[in-house]
There are 2 protein chains.
Amino acid sequence: MSRTVLVVEDEAPIREMLKFVLEQSGFNIIEAEDFDIAQEKICEPYPDLILLDWMLPGGSGVQLAKSLKQHEFTRDIPVIMLTARGEEEDKIRGLDAGADDYVTKPFSPKELVARIKAVMRRVTPTSNEEPIEFNGLKLEPVSHRVIANEEPLDMGPTEFKLLHFFMTHPERVYSRELLLDNVWGTNVYVEDRTVDVHIRRLRKAISRHGHDAMIQTVRGAGYRFSTKL
Amino acid sequence: MSRTVLVVEDEAPIREMLKFVLEQSGFNIIEAEDFDIAQEKICEPYPDLILLDWMLPGGSGVQLAKSLKQHEFTRDIPVIMLTARGEEEDKIRGLDAGADDYVTKPFSPKELVARIKAVMRRVTPTSNEEPIEFNGLKLEPVSHRVIANEEPLDMGPTEFKLLHFFMTHPERVYSRELLLDNVWGTNVYVEDRTVDVHIRRLRKAISRHGHDAMIQTVRGAGYRFSTKL
DNA sequence: AATCATTTTAATAAAACTGTCACAGATCAC
DNA sequence: GTGATCTGTGACAGTTTTATTAAAATGATT
C-alpha cells in the first residue's frame with residue numbers, strides 16, 4: 001500500500017530534503033514548485049495527501065489550499081501545511097483554508113512522517129470489513145482470521161489475502177496472471193507458477209474440514225473459488 | 001448524546017472562537033479563563049472532556065493537568081492540550097502531564113473536532129469501570145489491578161494500558177501504529193518496534209498461568225487479543 | 001544529585017514466509 | 001499408448017518480520 005504525496009514547495013533544497021525523507025519512509029513523491037505546476041500535477045497520479053508550503057512565490061499556499069477545497073475532485077485530499085516559525089499570525093487565516101494539520105519548519109523527519117500517517121489514518125475510511133462465510137469456512141477481516149467450523153486456521157499473509165480475494169470473488173475463474181495482479185499487486189514481477197505454490201499452501205491450510213475442495217483448478221485457465229462440487 | 005467540553009483558555013478571542021466552533025459541532029461548552037475558575041467550574045456539570053491551553057496566566061496549564069490527574073473525581077476526564085507552535089515541542093511531549101492528545105494552534109476546526117471525537121470514542125468505553133475477565137484473567141480498572149486465577153500480577157503502567165485496551169477490544173487485529181495511537185496517544189512519536197517490547201513484557205507478565213497465549217501475533221498485520229486458540 | 005522504575009532505542013537471534021526449481025502426476029490430443 | 005502440456009508437491013535458500021536481549025534515555029522519588 002504505497003501512498004503518494006504531492007510536495008508543493010518552491011525552495012529546491014527543502015523540496016529535495018522532503019523527497020528524500022518521505023521516500024525513505026516508503027512514500028511515493030510528486031514534486032511541484034509553484035501553484036500552477038501543482039495544479040497540473042495534481043490530476044494525473046492523484047495524490048493521497050498534499051504537503052503544501054505556506055509561502056509560495058506566485059500565489060500563496062493558502063490560495064492553493066482554498067482552490068483545492070473548491071473543486072469536487074480535490075476536495076477530499078488531506079492537506080498538511082508547512083509553515084515557518086515566525087508566521088504565527090498569518091496562520092490563523094489558514095483555519096479557513098481547511099488544512100488538516102500544520103508542521104512548522106524546521107521539523108524532525110520523524111514528526112513529519114508521523115503526522116502524515118496520522119492524517120492519512122484519520123481520513124481513510126475503513127472499507128468493507130464484514131465477515132464472509134461459505135460452507136462453514138468463515139473469514140473475518142477484522143480479526144484477520146479464518147475459522148473452519150469454530151476452529152481457527154493457520155496460514156501465511158499471502159494465503160490469507162488470496163483466500164480473501166477468492167471469497168469476495170466466488171464462482172469465477174482467475175488466471176494466474178490476474179491473481180498476481182489482484183493479490184500480489186500490479187506490476188510485481190513474480191513467476192506465474194508461484195501462484196500454484198500458494199494455492200497449494202492455501203489448500204493445505206483449509207483442508208482440515210475439507211474446505212480445500214472449494215479451491216478448484218480449471219485446467220488451462222486458472223483457479224476458481226466455488227461452493228459447488 | 002450531547003457532550004460537554006470545558007474550555008480553559010485565557011485569551012478571550014480564541015475562547016470565543018472555540019466556543020463557536022464546538023457549539024456548531026453540537027458540543028455543550030463551559031468556559032474558564034484561568035486555573036482557579038477552571039477548578040470551580042469543573043465540579044458542577046462534570047465535563048466529558050477538557051480542552052486546556054498550555055499557557056495559562058496564573059498557574060500554567062500543565063499544573064492544572066497534573067492537578068486533575070491527582071484527584072480521584074477528575075482523573076478520568078480526558079484532556080486535550082492546546083499548544084502554540086513556538087513552544088518547544090520536545091518539552092511539551094516530555095512533560096507529558098497525562099494529556100490524551102495535543103492540538104497545536106493554529107488548528108483547523110475540522111481537525112479539532114475530529115480529535116475531540118476520537119478521544120471521546122477512545123475514552124468512553126474505558127470509563128467503564130467494570131472489571132473485565134477472559135479465561136480467568138481479570139482486569140479491574142478501579143483497583144488498577146490484573147488478577148490471574150486469584151493471583152495478582154505485576155506489570156508496568158504501559159503494559160496495563162495495553163492489556164486494558166486489548167481486553168476492551170478483543171478479537172481484533174491492531175497494527176503497531178494503531179496501538180500507538182490508542183494506547184500511547186495520538187501524536188506521540190515513537191518507533192513502531194517499541195510496541196514489540198511492550199508486547200513482550202505484557203506476555204511475560206501474564207504468562208504464569210498461560211494467559212500470554214491470548215496475546216497473539218498476526219504476522220504482517222499486528223497483534224490481537226483473542227480467547228480462541 | 002543520586003537512585004530507582006520505566007520507557008525507548010538499537011542490535012542480534014529466531015522464526016516465519018516467499019519465490020523458484022526440479023520432478024512427479026495428470027490430462028489431453030492424436 | 002505416447003508425447004506434449006499442464007498442474008501438484010516438497011525442498012531450499014534468501015528475505016522479511018518478529019522476538020529477545022541489552023543498553024541508553026527518561027522521569028519520578030527521595
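In what follows, chains carry the letters A, B, and so on, assigned in the order in which the sequence lines appear, proteins first and then strands, with residues in each chain numbered from 1. This is a predicted model, so every value here is computed, not measured.
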B:Leu179 CG to C:dT8 P, straight-line distance once rounded to whole Å: 13 Å

Heavy-atom donor-acceptor pair, B:Arg219 side-chain to D:dT17 base, under 3.5 Å: yes

Residue met sooner reading DNA chain C from 5', once A:Asp154 and B:Asp154 are mapped to nucleotides: B:Asp154

Touch class at under 4.0 angstrom, heavy-atom based, for B:Thr194 against every strand present: base

Between C:dT7 (C1') and B:Lys161 (NZ): distance, integer Å: 11 Å

Exceeds 12 heavy-atom contacts within 6.0 angstrom, atom CD of A:Glu151: yes

N or O in side chain of B:Tyr223 less than 4.0 angstrom from D:dA19 OP1/OP2: yes

Donor-acceptor pair, side chain of A:Asp48 and main chain of A:Thr4, under 3.5 angstrom: yes

Below 4.0 Å: OP1/OP2 of D:dA19 and any side-chain N or O of B:Thr217: yes

Distance in angstrom units between A:Asp192 CG and D:dT5 P, rounded: 17 Å

Sidechain-backbone polar pair: A:Arg224 side chain, A:Val218 backbone, donor-acceptor under 3.5 Å: no

No-H, no-angle donor-acceptor pair, B:Arg193 side chain to C:dT8 base, under 3.5 Å: no

Nearest-neighbour nucleotide for the B:Glu159 side chain, C:dT7, C:dT8, D:dA19 considered: C:dT7

Touch class at under 4.0 angstrom, heavy-atom based, for B:Phe160 against every strand present: nothing

5' priority, DNA chain D, between A:Gly220 and B:Val197 [closest heavy atom]: A:Gly220

Distance-only donor-acceptor test, A:Arg201 side-chain atoms vs C:dG19 base atoms, 3.5 Å: yes

D:dT7 phosphate, OP1 or OP2, under 4.0 Å from A:Arg176 side-chain N/O: yes

Any B:His198 side-chain nitrogen or oxygen under 4.0 Å from OP1 or OP2 of C:dT8: yes

Presence of B:Thr158 side-chain N/O under 4.0 Å of C:dT7 phosphate oxygens OP1/OP2: yes

Interatomic distance where CD belongs to A:Glu191 and C1' belongs to D:dC6 [whole Å]: 15 Å

Separation of C:dT18 C1' from A:Leu180 CG (nearest whole Å): 13 Å

Neighbour count >12 (heavy atoms, 6.0 Å) for atom CD, A:Glu171: yes

Polar side chain donor-acceptor pair, B:Ser226 to A:Arg145, under 3.5 angstrom: yes

Distance below 4.0 Å between B:Trp184 side-chain N/O and C:dT7 OP1 or OP2: no

Distance, rounded to the nearest Å, where B:Asp196 contributes CG and C:dA11 contributes C1': 14 Å

Spacing of A:His144 atom NE2 relative to C:dC17 atom P, expressed in whole Å: 12 Å

Whole angstrom value for the distance that separates C1' of C:dT18 from CG of A:Leu202: 15 Å

Donor-acceptor contact present, side-chain B:Glu140 to main-chain B:Val142, <3.5 Å: no

